Amino acid sequence: MRLIKTKDYAEASAVAAEIMAAQIILKPDSVIGLATGSTPCGMYANLVKKYQNGLDFSAVTTVNLDEYVGLPEEHEQSYRKFMNDNLFNHVNIKPENTHLPNGMAADPEAECVAYEQLINSLGGIDMQLLGIGHNGHIGFNEPSDHFVCDTNCITLTARTIEANSRFFDSPDDVPRRALSMGIRTILRAKRILLLITSEEKAEILKKAVYGPVTPQVPASILQLHPDVTVVADAGALSAL
Ligand code: GLP
């Protein structure tokens with residue numbers, strides 16, 4: 001695991017975008033795993049600038065980590081809308097090459113199987129971007145007594161519902177379930193880029209990087225992956 005220390009959110013966003021851009025330049029037809037949340041917004045803004053300066057997304061394929069169950073694509077808080085607004089609508093990626101689990105699927109279990117098959121059919125993920133929840137979740141893989149392996153339908157914890165309620169009118173409006181790549185899906189990515197910023201993530205970064213590998217802190221499993229780059233700002237590093 002490589003840890004890149006940056007001074008603040010702006011620098012962390014720029015460094016993460018550099019790493020992602022390098023991946024795309026070296027392998028223009030990369031399969032990139034993407035994440036949502038407030039943390040990667042700055043990184044996406046940097047990637048849009050890089051596109052305006054010549055970075056080519058035309059052969060890139062993306063697969064997102066997760067999507068809420070029950071939110072149509074056009075809903076303000078769907079992750080599809082987030083990705084369109086923050087990245088896809090501003091670069092030359094082909095819309096048909098952008099994938100998220102379908103949170104409106106009539107049969108969520110079948111959708112999970114299909115999403116896993118889609119990732120396999122693409123030849124796997126070259127680089128997976130991750131953020132981290134306050135409780136150590138990656139994607140929507142919540143703390144548990146076991147690691148969930150494949151893409152699956154997850155019931156969100158009260159902590160995650162509360163954390164994500166800032167995007168909705170009230171906590172009651174936050175969907176209770178989400179479809180998320182599983183831990184094995186994530187760990188199969190050839191390279192992983194974990195972006196973590198702000199002091200409120202300091203304790204969980206310490207647990208994830210230096211604590212025991214445990215499903216109670218899902219991100220701790222990243223210690224076992226051979227190619228993880230953590231980009232953190234001074235706030236997130238403040239407990240180390
Ligand atoms: C959500 C997403 C995660 C993300 C997390 C942290 O729950 N499913 O992929 O890492 O939020 O979000 P933020 O960056 O806003 O703290």
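All figures in this text were calculated on a predicted structure; none of them were measured in a lab. Ligands are counted one by one from 1 in listed order, and the atoms in each one are counted from 1 as well. All heavy atoms count here, side chains included; hydrogens, waters and symmetry mates do not.
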J.: Which residue and non-hydrogen atom of the protein lie closest to atom 8 (N) of ligand 1, and at what distance in Å?
T.: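 Ranked first by proximity to atom 8 (N) of ligand 1 is D66 OD2, 2.8 Å.
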J.: Would you mind checking which non-hydrogen protein atom is closest to atom 3 (C) of ligand 1, with the distance to 0.1 Å?
T.: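 I find the closest protein heavy atom is G139 O, 3.5 Å.
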J.: Give a yes or no on this: more than 12 heavy atoms of other residues, nucleotides or ligands lie within 6.0 Å of atom CD of E200.
T.: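 Counting neighbours around CD of E200, more than 12 heavy atoms of other residues, nucleotides or ligands fall under 6.0 Å, so yes.
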J.: Among all the protein's non-hydrogen atoms, which is closest to atom 4 (C) of ligand 1, and how far away is it?
T.: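 It is T36 O, 3.9 Å.
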J.: Taking the minimum heavy-atom distance to atom 5 (C) of ligand 1, which of R166, E67, H137 ranks first?
T.: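 Among R166, E67, H137, the closest heavy atom to atom 5 (C) of ligand 1 belongs to H137.
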J.: Taking atom OH as the centre, does Y210 end up with more than 12 heavy-atom neighbours from other residues, nucleotides or ligands that are less than 6.0 angstrom away?
T.: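 Atom OH in Y210 is not packed in, count stays at 12 or less.
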J.: Regarding atom 6 (C) of ligand 1: of the candidates I132, T39, N141, which has the closest heavy atom?
T.: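 Minimum heavy-atom distance to atom 6 (C) of ligand 1 goes to I132.
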J.: Identify the protein heavy atom lying closest to atom 16 (O) of ligand 1, giving its residue, its atom name and the separation to 0.1 Å.
T.: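 Answer for atom 16 (O) of ligand 1: K201 NZ, 2.7 Å.
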J.: Which of these, S38, G131, G37, has its nearest heavy atom closest to atom 10 (O) of ligand 1?
T.: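 Looking at heavy atoms only, G131 sits closest to atom 10 (O) of ligand 1.
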J.: Are Y68 and F140 an aromatic pair by the rule of ring centers under 6.0 Å?
T.: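 That pair passes the under 6.0 Å test.
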J.: Going by side chain to side chain donor-acceptor pair (under 3.5 Å), T151 matches just one of E116, E111, R184. Which one?
T.: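 Testing each of E116, E111, R184 against T151, the sole residue satisfying side chain to side chain donor-acceptor pair (under 3.5 Å) is E116.
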J.: Given 3.5 Å as the limit, does a donor-acceptor pair link the side chain of S30 with the main chain of I32, or not?
T.: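 Not confirmed, S30 side chain does not pair with I32 backbone.
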J.: Can you check whether Y9's main-chain N or O pairs, donor with acceptor, with S13's side chain at less than 3.5 Å?
T.: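 Flag set: sc S13 to bb Y9 pair under 3.5 Å.
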J.: Considering only heavy atoms of F140, which atoms of ligand 1 have at least one such atom less than 4.0 Å away?
T.: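 What qualifies from ligand 1 is 7 (O), 8 (N).
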J.: With a heavy-atom distance limit of 4.0 Å, tell me whether Y79 approaches ligand 1 through its side chain, its backbone, both, or neither.
T.: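 Answer for Y79: side chain.
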J.: Judged by atom type as modelled, is there a donor-acceptor pair below 3.5 Å linking the side chain of T6 to the main-chain atoms of A232?
T.: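 Here the side-chain-to-backbone pair exists.
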